[in-house]
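The next block holds one structure in the form of structure tokens; read it before the comments.
Because only heavy atoms are used, hydrogens play no part in the values below, and waters and symmetry mates are left out as well, while side chains stay in. Below, chains carry the letters A, B, ... as their sequence lines are ordered, and counting in each starts from 1.
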Amino acid sequence: MYIYDSVKKEKREFIPLKEGKVSLYVCGPTVYDDAHLGHAKSALVFDLLTRVLRANGYDVTYARNITDIDDKIIKKAQDQQKEIKEITDFYTDSFHAEMAALGVKRPDIEPKATESLEAMFAMTQKLIDTDHAYRTEEGDVYFDTASDSEYLSLSHRVQDEDERQERVVSSSLKRNPADFALWKSVKDDSITFDSPFGKGRPGWHLECSAMIEKHLATDDAPYAIDIHGGGADLLFPHHENEAAQTRCSSNHALANYWMHNGFVNINGEKMSKSLGNSFFLKDALKEYDGEVLRFYLLSTHYRSNFNFNTEDLSTAKKRLDKIYRLKKRLFGLAVNREKTEFQEQLLKLLSDDMNISAALALIDEMITVANETLDTAGKHKLLKRETIANLAYIEELLGFGVKNPYEYFQFGVDDATKEKLAALIAQRDAAKKEKNFEESDRLRDAILAFGVNLMDTPAGTFWEKV
RNA sequence: GGUGCCAUCGCCAAGUGGUAAGGCCGCAGCCUGCAAAGCUGCUAUCCCCAGUUCAAAUCUGGGUGGCACCUCCA
């Protein structure tokens with residue numbers, strides 16, 4: 001297994017801290033709004049990673065947090081006059097539902113900030129005790145970046161001279177502009193949490209470090225966890241700060257490997273609230289099968305920036321369709337788990353920093369060979385058995401082709417339409433039988449008008465939603 | 001301004017020193033009553049310039065063009 005380490009900036013052979021085991025932590029969503037395609041990309045990438053690691057025999061513990069304390073959440077709660085929990089539960093539930101639609105498996109651990117406050121207090125206290133953090137007159141607790149000689153070693157940033165020299169600006173009582181909050185004191189009567197440092201809210205960066213210590217870290221290793229992942233934008237400052245907190249409050253560095261997934265843009269532009277081009281998953285899932293979105297978002301290497309557009313999406317669907325059509329040809333035959341050369345090669349390609357393009361090329365090749373053989377020698381027992389095993393392997397490793405192939409091709413078609421189509425097809429079959437091709441072609445046009453494709457096969461006539 | 005990433009067929013996209021994967025689109029053909037699906041065949045010398053090398057898309061230097069991050073952000 002090889003992984004590109006985005007901190008060391010090179011592809012490295014993956015060697016776990018503990019033989020046979022992998023601890024993985026990924027920064028999850030802040031649940032104050034609906035998830036967009038970027039959240040989906042990140043979740044999909046690390047879902048694939050865990051599948052590949054497990055296929056390689058590793059015992060993986062995968063944690064992805066839910067940030068349920070945040071100024072934006074609090075603001076929304078205040079605006080809508082709701083309890084903070086009402087907001088976070090709502091968006092957490094929809095996040096889970098949408099991830100399920102994408103075939104993203106639930107992480108083993110899903111820690112929430114609200115359930116990890118004690119761990120955050122402990123870490124903050126430790127940092128204060130060791131002079132890596134300080135309290136201001138206003139009651140805030142800041143991490144003292146100057147106290148960490150390795151600060152910025154993660155993102156390889158060079159601290160600006162002016163920035164370093166800059167003195168405390170107006171309201172802030174920070175010693176250094178780069179210092180970040182571990183605990184933000186809140187004096188008004190808005191939503192706060194009690195802590196040994198007074199009423200307030202925890203800093204965002206603190207949450208991940210504390211959760212990792214609480215749920216995943218092993219003390220006798222040089223790193224708390226094997227792999228830390230997240231979106232490319234999190235490297236600085238979020239991960240930099242996380243790493244600093246952990247380094248200064250424990251006897252280990254945070255993570256041995258760092259993985260950052262590329263961004264999803266819409267028509268060449270970054271998704272953002274201000275541009276008004278955020279593409280929410282809930283909207284995408286109304287129009288497209290979750291598995292099509294999964295296939296599309298995973299079809300480009302995880303580190304590349306991804307330019308979402310509907311043309312490429314439909315191209316991706318056509319590629320996924322091929323898997324399902326082959327599945328249709330073998331529908332009803334007994335599933336088996338026979339090991340094949342193809343499976344070995346597929347895993348090898350995905351184990352090379354998740355080379356999805358090479359993996360998909362291999363799959364297409366397998367499909368073509370299978371179709372070709374089925375065309376010419378329909379009774380090929382061994383090939384059928386192996387192909388079924390290969391498709392099952394693709395389902396497990398990549399999560400592609402997991403649905404019933406007939407239902408897959410009926411996405412978004414209501415029952416009334418299905419009945420109409422069935423009736424029209426029956427009429428057309430009858431006309432064909434009488435060799436009344438004028439009538440059968442007329443009926444075909446009527447069927448195609450429903451936005452479906454028609455295909456005559458030895459097993460009968462079937463339609464597919466285009 | 002600082003730091004970093006990228007530039008491969010009409011589109012998407014692998015390959016990172018040994019002579020260009022795959023998908024979509026297109027064209028021709030097989031199959032089909034005709035289609036659809038499936039199959040076969042055809043389609044690029046890798047942004048520009050210079051260099052290193054027996055050999056470069058792949059390394060080095062210089063251009064040009066795009067993008068990201070710089071303390072809200074997957």
I'd like the C1' distance from B:G41 over to B:C48, given in whole Å.
35 Å
Same-atom distance (C1') from B:C72 to B:G15, integer angstrom:
38 Å
Using whole Å, what does the distance between atom P of nucleotide B:G22 and atom CG of A:Leu349 come to?
14 Å
Is a donor from one side chain sitting under 3.5 angstrom from an acceptor on the other, for A:Asn371 and A:Arg329?
yes
Treating A:Thr368 as the side-chain partner and A:Asp364 as the backbone partner, does any N or O pair qualify as donor plus acceptor under 3.5 Å?
yes
Hey, what's the ring geometry for A:Phe400 with A:Phe295, parallel, tilted or perpendicular (30° and 60° as the breaks)?
tilted
Partner of B:U16 by Watson-Crick or G-U wobble geometry, both contacts under 3.5 Å, or none?
none
For B:A50 and B:C25, measure between their P atoms and round to the nearest Å.
40 Å
Using OP1 and OP2 only, check whether a side-chain N or O of A:Thr373 sits under 4.0 Å from B:C39.
no
Go through the side-chain N and O atoms of A:Ser116 and A:Glu207 and say whether any donor and acceptor fall under 3.5 Å apart.
no
Does A:Asn371 place a side-chain N or O at less than 4.0 Å from the phosphate oxygens OP1/OP2 of B:C39?
yes
Please verify the inter-ring angle class for A:Phe197 with A:Trp183; under 30° counts as parallel, over 60° as perpendicular, anything in between as tilted.
tilted
A:Leu362 or A:Asn261: which one's nearest nucleotide on RNA chain B is closer to the 5' end?
A:Leu362
Any N/O pairs under 3.5 Å between the protein and nucleotides 32-34 of chain B? List them or say none.
| unit_1 | atom_1 | unit_2 | atom_2 | d |
| --- | --- | --- | --- | --- |
| B:G33 | N1 | A:Asp441 | OD1 | 3.0 |
| B:G33 | N2 | A:Asp441 | OD1 | 3.4 |
| B:G33 | N2 | A:Asp441 | OD2 | 2.6 |
| B:C34 | O2 | A:Arg444 | NH1 | 3.3 |
| B:C34 | O2 | A:Arg444 | NH2 | 2.4 |
| B:C34 | N3 | A:Arg444 | NH1 | 2.9 |

A:Gln78 atom CD: more than 12 heavy-atom contacts under 6.0 Å:
yes
Given atom CG of A:Asn305 and atom P of B:A7, what is their separation to the nearest angstrom?
12 Å
Would you mind reading off the distance between A:Leu454 atom CG and B:A37 atom P, rounded to a whole angstrom?
11 Å
Checking contacts here: which listed nucleotide (B:A14, B:G4, B:A74) is nearest the side-chain heavy atoms of A:Lys9?
B:G4
Base, sugar-phosphate or nothing for A:His301? Non-hydrogen atoms, less than 4.0 Å.
sugar-phosphate
If the cut-off is 4.0 Å, is A:Asn307 near the phosphate of B:C12, judged by side-chain N/O to OP1 or OP2?
no
Could you give the distance separating B:G26 and B:C69 at their C1' atoms, to the nearest angstrom?
41 Å
Below 4.0 Å: OP1/OP2 of B:C25 and any side-chain N or O of A:Lys318:
yes
Go through B:A74, B:U71, B:U40 for me and flag the one nearest to the A:Phe236 side chain.
B:U71
Base, sugar-phosphate, or nothing for A:Val264, non-hydrogen atoms under 4.0 angstrom?
base
Counting only Watson-Crick or G-U wobble pairs whose two distances fall under 3.5 Å, which nucleotide matches B:A74?
none
What nucleic acid atoms does A:Lys41 come within less than 4.0 Å of, heavy atoms only: base, sugar-phosphate, or nothing?
nothing
Given atom CZ of A:Phe280 and atom P of B:A74, what is their separation to the nearest angstrom?
12 Å
Identity of whatever pairs with B:C9 - Watson-Crick or G-U, under 3.5 angstrom
none
Complementary nucleotide for B:C59 - Watson-Crick or wobble, under 3.5 Å:
B:G51
B:A21 - base-pair partner by Watson-Crick or wobble geometry, distances under 3.5 Å:
none
Could you tell me how far B:U60 sits from B:C11 if I compare only their P atoms? Round to whole Å.
27 Å
Can you tell me which nucleotide in B:G2, B:C24, B:A14 comes closest to the side chain of A:Arg157?
B:G2
Would A:Lys465 and A:Phe409 count as a cation-pi pair here, with the cationic atom under 6.0 angstrom from the ring centre and within 45° of the axis?
no
With the threshold set at under 4.0 Å for non-hydrogen atoms, list the residues of residues 321-328 of chain A touching RNA chain B in residue-number order.
A:Lys322, A:Arg325
Angle class for the A:Tyr408/A:Tyr324 ring planes (parallel below 30°, perpendicular above 60°, tilted otherwise)?
parallel
Verdict with reasoning, A:Lys317 to A:Asp321, per salt bridge (Lys or Arg N to Asp or Glu O under 4.0 Å):
CA-CA 6 Å; A:Lys317 179 184 180 299; A:Asp321 286 352; 3.0 Å; yes
Quantified in whole Å, what is the P atom distance between nucleotide B:C24 and nucleotide B:A37?
10 Å
Atom pair distance, as rounded to whole Å: CG in A:Leu360 and P in B:G15:
13 Å
Quick one: is B:C70 close enough that its OP1 or OP2 comes under 4.0 Å of any side-chain N or O from A:Ser155?
no
Could you please name the option among B:G22, B:A14, B:A74 that lies closest to any side-chain atom of A:Ala358?
B:A14
Would you call the rings of A:His260 and A:His239 parallel, tilted or perpendicular, where under 30° means parallel and over 60° means perpendicular?
tilted
Please determine whether side chain to side chain contact (heavy atoms under 4.5 Å, CB included) holds for the pair A:Arg319 and A:Leu360, giving the CA-CA distance in whole Å, both sets of side-chain angles, and the decisive distance to 0.1 Å.
CA-CA 9 Å; A:Arg319 213 170 178 182; A:Leu360 292 180; 3.7 Å; yes
Here the distance between atom P of B:C24 and atom OH of A:Tyr296, to the nearest Å, is 16 Å
B:A14, B:G38, B:A74: which one has an atom nearest the side-chain heavy atoms of A:His39?
B:A74
Within the 3.5 Å criterion, strictly below it, is a donor on A:Glu386 or A:Thr340 matched to an acceptor on the partner's side chain?
no
Side-chain contact check for A:Met455: nearest option of B:A37, B:G22, B:C39 is B:A37
A:His238 NE2 to B:A74 P, straight-line distance once rounded to whole Å
9 Å
Answer with base, sugar-phosphate or nothing: what part of the nucleic acid does A:Ser357 contact at a heavy-atom distance below 4.0 Å?
base
Watson-Crick/G-U partner (both atom distances under 3.5 Å) of B:A28
B:U40
Is the positively charged end of A:Arg157 above the ring of A:Phe236, judged by distance under 6.0 angstrom from the centroid and angle within 45° of the axis?
yes
Between A:Lys348 (NZ) and B:A14 (P), how many Å, whole number?
20 Å
Heavy atoms only, 4.0 Å cut-off, all strands: where does A:Ser304 land among base, sugar-phosphate and nothing?
sugar-phosphate
How would you label the contact of A:Gly38 with the nucleic acid (heavy atoms, under 4.0 Å): base, sugar-phosphate, or nothing?
base
So which nucleotide from B:A74, B:C25, B:U40 ends up closest to the side chain of A:Glu372?
B:U40
Heavy-atom nearest nucleotide on RNA chain B taken for A:Phe180 and for A:Glu365; more 5' hit belongs to A:Glu365
According to a cutoff of under 5.5 Å between the ring centres and under 30° between the ring planes, does A:Phe263 stack with the base of B:A68?
no
For atom OH of A:Tyr2, is the number of surrounding heavy atoms from other residues, nucleotides or ligands below 6.0 Å larger than 12?
no
